[in-house]
Every structure is written in structure tokens, then in C-alpha cells.
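Working notes for the structure below.
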Amino acid sequence: MIDKTLPSCEAAVADVHDGATVMVGGFGTAGMPYALIDALLAQGARELTIVNNNAGNGDTGLAALIRHRRVRRIVCSFPRQTDSQHFDAAYRAGEIELELVPQGNLAARIHAAGNGLGAIFTPTGYGTRIAEDKETREIDGRHYVLEYPLHADFSLIRAHRGDRWGNLVYRKTARNFGPLMAMAAKCTIAEVDDVVPLGGLDPEAVVTPGIFVQRVVATSAHRREAA
Amino acid sequence: MIDKTLPSCEAAVADVHDGATVMVGGFGTAGMPYALIDALLAQGARELTIVNNNAGNGDTGLAALIRHRRVRRIVCSFPRQTDSQHFDAAYRAGEIELELVPQGNLAARIHAAGNGLGAIFTPTGYGTRIAEDKETREIDGRHYVLEYPLHADFSLIRAHRGDRWGNLVYRKTARNFGPLMAMAAKCTIAEVDDVVPLGGLDPEAVVTPGIFVQRVVATSAHRREAA
Amino acid sequence: MNRLSRDAIAARVARDIPEGAYVNLGIGLPTRVADFLPADKEIFLHSENGLLGMGPAPAPGEEDPDLINAGKQPVTLLTGGCYFHHADSFAMMRSGRLDVCVLGAFQVSVYGDLANWSTGAPDAIPAVGGAMDLAIGARQVFVMMDLLTRDGASKLVAECSYPLTGLRCVSRVYTDLGVFAVGAQGARVIETVDGVSLDDLRRLTGVPLEPATHEENAP
Amino acid sequence: MNRLSRDAIAARVARDIPEGAYVNLGIGLPTRVADFLPADKEIFLHSENGLLGMGPAPAPGEEDPDLINAGKQPVTLLTGGCYFHHADSFAMMRSGRLDVCVLGAFQVSVYGDLANWSTGAPDAIPAVGGAMDLAIGARQVFVMMDLLTRDGASKLVAECSYPLTGLRCVSRVYTDLGVFAVGAQGARVIETVDGVSLDDLRRLTGVPLEPATHEENAP
């Protein structure tokens, strides 16, 4: 019997190595896998490359990882926010490297990795600083920039429900980057509100098929017994 | 009030012009929009370029379009089957042009159009006849072929249920190319078993958001009243 | 000189959005356009974080942290709306499915170049978000902004001095002093607010301005 | 000379598929492998037309024309299986998520080149389907075939004469006379059927063959 559920976030992130590239789901706080990030913080891995839309909000989650100097490099679209003080400080101190990627290109590059493509020509960013030193090409009268896929060693994502085969559904706009990041990592770890028995998810409505997910952890207080 | 439903397939395909590129959903017979194809046949448009996984089965649907010499060119992955006699005859008579595309590249090229990409580097077909005369590139030690997006003027697809905003859900493996083709055409026409009232589809389970669909026709005998 | 309030600019933008349009309202000022869309018309609001058919803010106490817009504010979903992931969401943009996108700007050139993501200050932390994707991803990009900076410099310019967000992407500029069509032909004045003349706008902006033709007047 | 039946070859392939593997069984002969997968192990069958967790053929009368496999035969879905569109389905392949793909072949080279989509006959109508995607899309590509054609020519060759499906993509070849590892090092014999010697295989195939090392024996 295949059971991808794990009893704790600690167990789920135990093998994240120093220097790993870790995608972290979420747009702002919606879909942010807080329990997995807390576990990663406690686990202690360093020199991480983080891929997320933002660079942390407030003092918890991704912001805490940055505050504790676990992040060497961040790939994101919108680091600067009113409550991104820990990133701001690390960046100004030269302690963190930033690769700024337009949000749609970020999604497309993660998706390109998940689709096994070698590179894509995307129109976003053409003629701007973002495309400086990048290969460009005119195709059918439109200008494109060549962008490469973003792969990860681990993806930490938050979903609504999962089953022991790793199938996932999300909740509202907390879906955001989760399904893409699940496709782009060697090891995808999902924290979910509930683990449901096999068959508890409508096969027509599964958003992330289990083939993209290696580990599932229920983090809700009202966790249910799995199949 | 926006209502994308139309009373008949005839009305839905009335403006398909001679020489149009028409994507036709379906893998074999699953997801094949038979009623729309019949209407297109009756409508009479000629010199069509058809994009479908196959090149018609038996005497109906796509096969009938070919038999009636409406198709100048077909882009597909698997034309030759035991019951593809109408394509076979037209091909051997030099009356139809064939662009053979591996099935995954076909999906990826349609998807690239739907994603607004200019081109993609895909590994499939590298080193084979399919890639002859195509640009190739080695990226991170793997070989890729440059492939261009497939766009369409019209996509004719079959879905299970739809609403007046064009949201669609599919049924089992009849989903296949439908969601991709909906994204790649200027005008997507969906035949559905039932039009349901707005709100009748779970917003978490909508597979094709209405933004990708221009026209919806209920073709089931047990058609319901829409919202 | 008469100036339109920000709400009045938002209302003016709303007038140019037809029923059935798929529309993305950028973070900040453009969000206000939603308040002026006619209640009797169905217009589809897209939020790039993954929803279509965005409704108004929820009643107090009804906020759901999993249901937010691109500005990370709580929103609602209309009946008939739906959710999707980021790749599909930006596919809608990149493939030209959005009819209108409304954005703020630091500068817009008479040719439709847009600068709205960075002032280029050397010590600023850069952040682009979805701005570049939106700039190139809608059939029509509407900018709403004050025509002048607080220092009186025109934000409608011959050439942007700030870092670009997108090349030749803006079609209309809605300001407190007038509405402009921009593009390959240069800037055209579609309308001015009461008491502001074409010559006033020429003087304030310092760029060549002509009245819009009949065709340019049609949004 | 002893030869394995096609079912026996299928059973031999099935032995090398571990629990939890994601597996695509190509159209035709490879489909039979499903009949020999152990009932007490969970193995995930993928069908490229858009399902994962494919179950056995339905009972007569229970067929659903909307639930078919890549060979267009009616199938079932296991509890816990799910549906998806073609782009996601081929994303699973291209991004290396399939552990094993089992394919038939016209020829396999000792270096793992595969020819299974066209005989190259000038009057043939070409059809490739998902063969090229599958060839490059699984972590391990297993080929099952008879070692010899009806005319006695070896299908394990130094270099494919038929049009290629994929370069250096096959890892193992399961035949009626023996099992081979193929790859950069050339062909190695993992096992022969009873009564067939290594020298017999060398003579029949005409290609250099060595016994597999311990490492090469591990699937």
C-alpha cells in the first residue's frame, strides 16, 4: 500500500539539505505553508534558494526564514511590501541575493519546468531592464524574451485536502502557485487541512494529481483519519 | 446580461470561413464534438485546416468532413487507423496535406498558443525525422527542438456541462484536448450535454473558465433550461 | 483649473468598459473603477492571483483569508465565477483574452510606452509583480493617473525617463485634466475637463497634442 | 529453442515494476503487462489521453465511451485515480514523472536508440501518436518484443535502420529469448531463457553481447 502521508511536518522536511532550492507556495499569506516553513526553520537548513512570489510578510513564515539567515538567494516578483522588513534589511545589508522575475514569467518558468521544456519565448519584459542581456526574438511580428525553466529540489505548498496517493485540491485563491510548484520539484511536500480517504476527492476535480506529490501532512486541528 | 448559449449548432458555426484553421477536440470518439462537426459539414466551409489528434474514424464526424473534401490540411499525431479510410484515400490521392506532430508536442504547441508564448524548446522528437530542418539546442545537457504555437480561428470542442458565461466541465477522458483548444482559438464553441444555471458548476472544479469560451450549445436530448 | 477627483477619473474609465468585457484592475487607484461599473451590466473582473468573476469586498466579519485579490485585500466571488492557478491566470493575459487592463503609471509616452514599476532610484528595492505581464497582456491597456506630478512635471512624456514596464502597450490615458489616446501616431486628446483647453494641455505637458479623430474616440 | 510466450514476456516485465511506480503501458502488446501486476501492490497506471490510476477493463455492458485508454479501449478508474487534460498528461512524461514506460519496437540499438513508429516504407501513411513523447519521457523505457523478426533478423541491432523514435532512450529489452540492458556501454545480457546460451544470442543477433554486471541486473 502506498501512503504518502507523514505524521509531522518535521518528518516531512527532515532531508532538506543546505543549499537546496525550495519553492514555497502562496501569494501573500493565502496558500502559504506556514507549518512546513516553521518545521524547515527548526530543521536548520541553510544557504537556501527560495522561489516565492514575495519575500516574506511580517515576522513569520518566509520572513522568519530570512530573519534567521537561512536564505542565500530569493527568486520572486514582488519582494518590497509594507511588511517585508526582514527581507529589506537583509537585502540592504547585502546578505541576500535577489532575482526579480515578473509574476507571469515566474509562473511560466515554473510551469515550463513542470512541463519538461528546455526554454520558452515569452513576451513579458521585452524592452525592459528585466530582459537586459537576455536572448530575444521576433516571431510573427511580436517580440519575445527567452526564459529558462525554474526547477526545485523541494516544493512546500499548502492545499485544502489530500489523500494518501498525494492527490490535492485547493481552496479559493490559495491555489495560486501550488499546482505549478508541485510539478516543478523533485520532492513536493503538501500541508493540507485534512487528509481524506482514497476516493474522498472527486476524480474530475482533483487539481494536482498524486504523481506530482511525494509527501502529505495534515496540519489542521480537525485532522481526520485517512483511508 | 451575458449569455453565450446559442440555440443550435448551425448558428454556432455559421461564420466559419473558407480557409479557417479549426481545432477539433476529441481523442478517438471521446470528446469528439459530433453535432458541431455535422453542422460545419452542412454549413459548407471549405479549404479548412483541421487540428485534431487523429484524422477521422469511420464515416462520421471528422471523417465525413474529409470525405466531403472540406479539409485542405490536417495537423495531427495519429492519422492512420483501421477505420481512417477516408483520410487514407484523400492522402493517397494527394488531396490533403498532412503535418504529423507527436501527440505531446501537439498538446504543448496548442498550450503554448493558449499561454501566449512565441515558441518552446521541447525534447520530444530530437534526433528523429520529425525534427529534420528544425532548430535544436542543447540546454543543461539535454537536447531540445524548437516548436511553434498552434493557433486556431475556431475550436470546436465537446464538454459535459456549461453555463451561460462559458464555464465548462468535462467528463472522464473526454476532457483530453478540450481545455487546451479552448485556450488557443479566437472563437471557441463548446457543445455540452447540459447548460446549467449560473452557479451550477463548482467554482473549484471548473476546468475551462468562461473567458476561453465564446459560444455554448446544448446538444443533449435532455437539455435543461438555463439560468 | 478644474481637475477631476480620483473617483471621477475612475468613473470616466468605467464608462469606456462595455458589457461582457474581461477586465483586470491594477493594484491601487485602478481598483476604484470597480465601484463605478454599472450594476445592470455583466463585466468580468479578473484578478491575476487566480479568479475570474471577482465580486465586491465582503461584509465586515465575512472576510476569508483564502479569497483575496492581487492587492491582497479580501474580496468575494460572484455566482458563476471560478478559481484557477497562476499559470492559467497569466495565460489569460499573455494570450490576449483580457479586453481591458487598467493600470497606474509614473509615466506614459505619447507612443504608449509605460513606466510604472520602478522610479529607478539606485537604493530602491525593485518589485515588479504582475505589472509587466499586464502591460503586454491586455488588448487595451488604460492608464489612470494625475497628468502632473506634485512638482508640476508632466507624466505624459515624449519618452519615458523611468525604467519601462512595457513598450508601446498603452492605448488610453485617463487623467484629472483630460483623456488621451496614445500610440504609433502620438498623443491625441479625446476630451478635456471643463475649462481646460487643448493649448492648456500642450503647455502643461510639453508634448505635441492634436484632437482625436472620430475613430480614435471610439474606445 | 525455447521461447517465452508473449504473456510470459509480459509477466517478466511485470516482475521489474516495483510498488508505487508510475507506469505507462504502450498500445498493443505492452498492455498485457497489466494482467501480471501483483494484485497486492499499488502500481499507478498512466494513460496519456488523461488518466492516472487506470483500472482493468469494465465488465461487459459497463463500458463508458468517455472512459478509454490510449488504445481507445474501454477501461475503468481505480478509487483514488483522477482525470486531467492532455497538456498535464504529457507534462507528466516530459518532466520525468513516469518511472517506467513499456513499449513495443521494430528495432532497438545496443545503445538504446528506439525505432517503433515507422517502417520507413515510402508509401506508408505516417502516424506517430505518443510514441516519441513516451520514448523520451519516462525514467526507464522498457521495450518488449520478439528478439527476431519472422525472417530471423535481429531486432536488437548495432544501429537502427528504421526511422528513430528516440535517441538513447531505452534501458531494457525484454524478449522471448532473453532480457537485455542497453545503453552507453552497449548491450548486456541480464538473463536468457532456459536452454539458450549467451553464444546463441550472439549468433542470432550479430551484436556484441556481454553478461550484465551486478549493477546492470538491478532494474
Side-chain angles (χ1 to χ4, degrees), chain A residues 25-32 53-55 57 76-81 84 87-88 91-92 98 100-112 114-115 122-131 142-143 145 158 160 170-183 207-208, chain C residues 24 27 47-52 54 64-77 81-96 113-118 120 123-137 160 162-169:
Chain A
F27 177 83
T29 58
M32 181 71 76
N53 189 62
N54 303 106
N57 301 85
C76 70
S77 85
F78 209 78
R80 182 83 171 95
Q81 297 180 273
S84 62
F87 169 79
D88 300 356
Y91 182 78
R92 292 195 196 284
L98 169 67
L100 191 73
V101 181
Q103 194 172 337
N105 281 358
L106 188 66
R109 292 176 62 191
I110 296 168
H111 208 213
N115 275 273
T122 167
T124 301
Y126 177 79
T128 75
R129 284 190 181 179
I130 293 289
R142 197 175 188 194
H143 294 277
V145 183
R158 174 158 193 81
H160 183 39
Y170 301 81
R171 193 166 173 280
K172 302 187 179 181
T173 58
R175 187 184 304 195
N176 55 67
F177 285 94
L180 316 181
M181 291 179 169
M183 297 170 75
V207 174
T208 295
Chain C
N24 186 297
I27 296 173
S47 188
E48 62 266 34
N49 56 318
L51 77 163
L52 193 62
M54 183 166 62
D64 181 337
D66 284 343
L67 182 43
I68 58 175
N69 65 12
K72 291 162 187 150
Q73 301 160 314
V75 293
T76 52
L77 187 77
C82 65
Y83 304 106
F84 34 82
H85 60 52
H86 252 68
D88 281 348
S89 185
F90 283 82
M92 293 172 190
M93 286 186 203
R94 240 184 270 109
S95 66
D113 298 332
L114 173 66
N116 78 345
W117 74 282
S118 166
D123 63 336
I125 295 177
V128 62
M132 289 186 181
D133 305 282
L134 285 162
I136 58 93
C160 295
Y162 288 141
L164 288 182
T165 307
L167 280 175
R168 310 287 163 112
C169 54

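Labels below follow one simple rule: chain letters A, B, ... track the order of the sequence lines, proteins then strands, and each chain is numbered from 1.
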Notebook entry, point to check: Which region of Val101(A), side chain (C-beta onward) or backbone (N, CA, C, O), has a non-hydrogen atom less than 4.5 Å from a non-hydrogen atom of chain C, or is it both or neither?
Noted result: backbone
Checklist line | Arg92(A) side chain to Ile125(C) backbone, donor-acceptor under 3.5 Å | finding: no
Checklist line | From NE2 (His85(C)) to CE (Met183(A)), nearest 0.5 Å | finding: 7.0 Å
Checklist line | Spatial distance of atom CH2 (Trp117(C)) from atom CD1 (Ile130(A)) [nearest 0.5 Å] | finding: 4.5 Å
Checklist line | chain C contact via Pro179(A) - which portion, at a heavy-atom distance below 4.5 Å | finding: side chain
Margin query: I need the residue from Asn105(A), Thr128(A), Leu106(A) with the largest number of non-hydrogen atom pairs under 4.5 Å to chain C.
Written below: Thr128(A)
Notebook entry, point to check: Under 4.5 Å between any side-chain heavy atoms of Arg94(C) and Thr122(A), yes or no?
Noted result: yes
Item checked: Considering all heavy atoms, the nearest Pro126(C)-Leu98(A) contact -> CG-CD2, 3.8 Å
Next item on the list: Flag the pair Thr124(A) / Met93(C) as yes when at least one side-chain heavy-atom distance between them is below 4.5 Å, and no otherwise.
Entry: no
Checklist line | Residue Asn69(C) versus chain A: region with a heavy atom under 4.5 Å | finding: backbone
Notebook entry, point to check: Which answer fits Tyr126(A), side chain, backbone, both or neither, if we ask what part of it has an atom under 4.5 Å from a heavy atom of chain C?
Noted result: both
Note to self: For Tyr83(C), give me all partners under side chain to side chain donor-acceptor pair (under 3.5 Å), at least two apart in sequence or on another chain.
What the structure shows: none
Checklist line | Interface residue of largest heavy-atom contact number with chain A, from Gly137(C), Ala70(C), Cys169(C), Ala135(C), under 4.5 Å | finding: Ala70(C)
Next item on the list: Would you mind reporting whether Arg171(A) and Asp64(C) have side-chain heavy atoms less than 4.5 Å apart?
Entry: yes
Notebook entry, point to check: Pick from Ser84(A), Pro102(A), Gly127(A), Gly178(A): which one has the most heavy-atom pairs with chain C under 4.5 Å?
Noted result: Pro102(A)
Note to self: Below 4.5 Å, heavy-atom pairs only: which of Gly104(A), Cys76(A), Pro79(A), Ala107(A) has the largest tally toward chain C?
What the structure shows: Gly104(A)
Next item on the list: Output all residues satisfying side chain to side chain donor-acceptor pair (under 3.5 Å) with Thr208(A), sequence neighbours left out; order by chain, then residue number.
Entry: Tyr170(A)
Item checked: Ring geometry between Phe177(A) and His86(C) (parallel below 30°, tilted from 30 to 60°, perpendicular above 60°) -> parallel
Checklist line | Closest non-hydrogen atom pair, Gly130(C) against Gln103(A) | finding: N-OE1, 3.2 Å
Next item on the list: Taking all heavy atoms of Ala30(A) and all of Ile68(C), pick out the closest pair and write down the distance.
Entry: CB-CD1, 3.8 Å
Next item on the list: Select, from Cys82(C), Gly50(C), Ala87(C), Gly166(C), the one with the greatest count of heavy-atom pairs under 4.5 Å involving chain A.
Entry: Ala87(C)
Note to self: Please identify which of these residues, Thr173(A), Thr29(A), Asn54(A), meets the side chain to side chain donor-acceptor pair (under 3.5 Å) condition with Lys72(C).
What the structure shows: Asn54(A)
Check: About how many Å separate CG of Asp88(C) and CG of Leu180(A), when rounded to the nearest 0.5 Å?
Finding: 8.0 Å
Note to self: As an exercise, state the distance from OG of Ser47(C) to CZ of Phe27(A), rounded to the nearest 0.5 Å.
What the structure shows: 7.0 Å
Check: What are the two closest non-hydrogen atoms of Gly129(C) and Phe78(A), and how far apart are they?
Finding: N-CD1, 3.4 Å
Next item on the list: Select, from Leu164(C), Leu167(C), Asn49(C), Leu67(C), the one with the greatest count of heavy-atom pairs under 4.5 Å involving chain A.
Entry: Asn49(C)
